[in-house]
Number of protein chains: 2
Amino acid sequence: MSTANPAPRRRDPEGRRRAMLIAAGEIITEAGTAALTHRAVAARAEVSLGSTTKYFSSIDDLREAALQYLAQEIDQELATIDFAGIATNPEHAAAELHRFLCDRHAVHATIALLASGATDPQLRSLARRWDDRFIELLTPHIGHAQATAIAVYFNGATLHAGLDEEPLSRDALTAVIRALVAMPGPVTTTQETNP
Amino acid sequence: MSTANPAPRRRDPEGRRRAMLIAAGEIITEAGTAALTHRAVAARAEVSLGSTTKYFSSIDDLREAALQYLAQEIDQELATIDFAGIATNPEHAAAELHRFLCDRHAVHATIALLASGATDPQLRSLARRWDDRFIELLTPHIGHAQATAIAVYFNGATLHAGLDEEPLSRDALTAVIRALVAMPGPVTTTQETNP
DNA sequence: TTTGTACATGTACTTTTGTACATCATGACA
DNA sequence: TGTCATGATGTACAAAAGTACATGTACAAA
């Protein structure tokens, strides 16, 4: 019968929504998408259950928003990676990528994003964007085919980092990057249209 | 009140358990691990709900058994891949791997397995075994470091295949394999122990 | 200070899912 | 052919999660 006695906190819709997205992101990266429930988010973000249902039209909406938030997070981290001179100095790029692989949050966020995209068609474009952006950042330095190869490899390395305690070593990354940068394109480097 | 009237089918514990595992595997590959419920398995395998709870002690047990079954399935498919001559003739190995990537069931099974392993510690060893086996099959031909690099790349390619309609082209795979086979080891090919 | 609206809260209800179990058929064996 | 243990079935109950909503508070405007 009695409802809503205990004193609501200050009104801050944006901050509140953000707090819930952060909480949801943490739940996903720590326990997987299956663990994402209204109640878990409410507890973690320290908001009421009602808030989680009011700011998101459904649990699917909440999940999608959370994954979108995670995508933005790792995208920002990706933006800090310095690919300059990757062709001539692969050690540096490898160290940069190794830094990403040591960030468990980023690693698990990436895995959750990609795995969700493989399952849910609605999230596929979001997952693909991650790949595309990675390739986009790399292509100017080494060409499209090589950038794609490294992007694919790096997704594999991210998976590996999520499964093992330790990510691949800097040396291993360096060797692979060096080899793929020097790789000739699939057929020719520049694409050709034929009749 | 009334229970169990409608005529039970022939008794076949092994076949029944197998039918449920197949159904569970299909559900996982088609709709993701989150869609795996007792009722979904019962409907797909055309057995009673009671059977799904009798053959598996809990839903976690069922999920683990299903993923184990999927792991065995893709392991068998992996065993059919011919890596012979990969060092001198990468086109053939690329074609073999491309064949795997065109099998949507195998691709999604692999993704589900790896993603589950990244989430659930209990399933981690199962997921790691897939990687290890891949490397194990490849190492005799090209050495450990190169085998690991290709295995990591191939996991990325599998993810890619699960996200895009079309997997990477044979040509793209060939180019990468050629580059990674020729890759020098991280430091030296043979490991050294130092004092 | 008063007042009204948007926001926050907790409860209640519904649906989904996991699990236990009473009942009955099946097929092998006596 | 009769009997019995195994196995298969459907229902019932419990727990968990999604969703709706009535209530009450905070803040800003009048």
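Letters go in sequence order (proteins before strands), and every chain restarts at 1.
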In whole angstroms, how far is the [atom2] atom of [N] from the [atom1] atom of [X]?
X     : N      : atom1 : atom2 : answer
B:D60 : C:dG18 : CG    : P     : 9 Å
A:L62 : D:dG18 : CG    : P     : 9 Å
B:H38 : C:dT15 : NE2   : P     : 23 Å
A:D61 : D:dA20 : CG    : C1'   : 16 Å
B:E14 : D:dA8  : CD    : C1'   : 16 Å
B:L36 : C:dT16 : CG    : C1'   : 15 Å
A:E46 : C:dT9  : CD    : P     : 11 Å

Picking from [options], which would you name as closest to the side chain of [X]?
X     : options               : value
B:Y55 : D:dT9, C:dT9, D:dG7   : D:dG7
A:S51 : D:dG7, D:dT19, C:dA8  : C:dA8
A:L49 : D:dA12, D:dT19, D:dA8 : D:dT19

Criterion ring-ring contact (aromatic ring centres under 6.0 Å, His included) against B:F154, the qualifying member of B:F83, B:W130, B:F100 =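 Passing option: B:F100.
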Classify the nucleic acid contact of B:T37 as base, sugar-phosphate or nothing, counting any heavy atom under 4.0 Å across all strands shown.
->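 Sugar-phosphate only.
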Determine the contact category for A:I59: base if any of its heavy atoms lies under 4.0 Å from a base atom, sugar-phosphate if only primed atoms, P, OP1 or OP2 are that close, otherwise nothing.
->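 Sugar-phosphate contact only.
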Is the phosphate of C:dC7, meaning OP1 or OP2, less than 4.0 Å from a side-chain N or O of A:R16?
->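 Negative; the distance criterion is not met.
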Going by an N to O cut-off under 4.0 Å, is there a salt bridge joining B:E96 and B:R99?
->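 Yes.
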Any salt bridge between B:D60 and B:R63, counting N to O under 4.0 Å?
->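 Here B:D60 pairs with B:R63 in a salt bridge, since their nearest N and O are under 4.0 Å apart.
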Pairing annotation in dot-bracket form, given for DNA chain D with Watson-Crick or G-U pairs under 3.5 Å and | for cross-strand partners = ||||||||||||||||||||||||||||||
A:H38 and A:T53, any side-chain heavy atoms less than 4.5 Å apart |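 A:T53 reaches A:H38 side chain to side chain.
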Can you tell if the side chain of B:D131 reaches within under 4.5 Å of the side chain of A:D164, non-hydrogen atoms only?
->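 Heavy-atom side-chain distance check fails, nothing below 4.5 Å.
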Residues forming a salt bridge (Lys or Arg N to Asp or Glu O under 4.0 Å) with A:R170, sequence neighbours excluded |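 For A:R170 there are no salt bridge (Lys or Arg N to Asp or Glu O under 4.0 Å) partners, ignoring immediate neighbours.
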Answer with yes or no whether A:R39 presents, from its side chain, a donor or acceptor under 3.5 Å of a partner atom in the base of D:dG18.
->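 Answer is yes: a donor-acceptor pair is held.
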First of B:S58 and B:K54 reached from the 5' end of DNA chain C, by closest nucleotide =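 Per heavy-atom nearest nucleotide, the more 5' residue is B:S58.
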How about A:Q122: does its CD atom have over 12 heavy atoms from other parts shown lying under 6.0 Å from it?
->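 Open.
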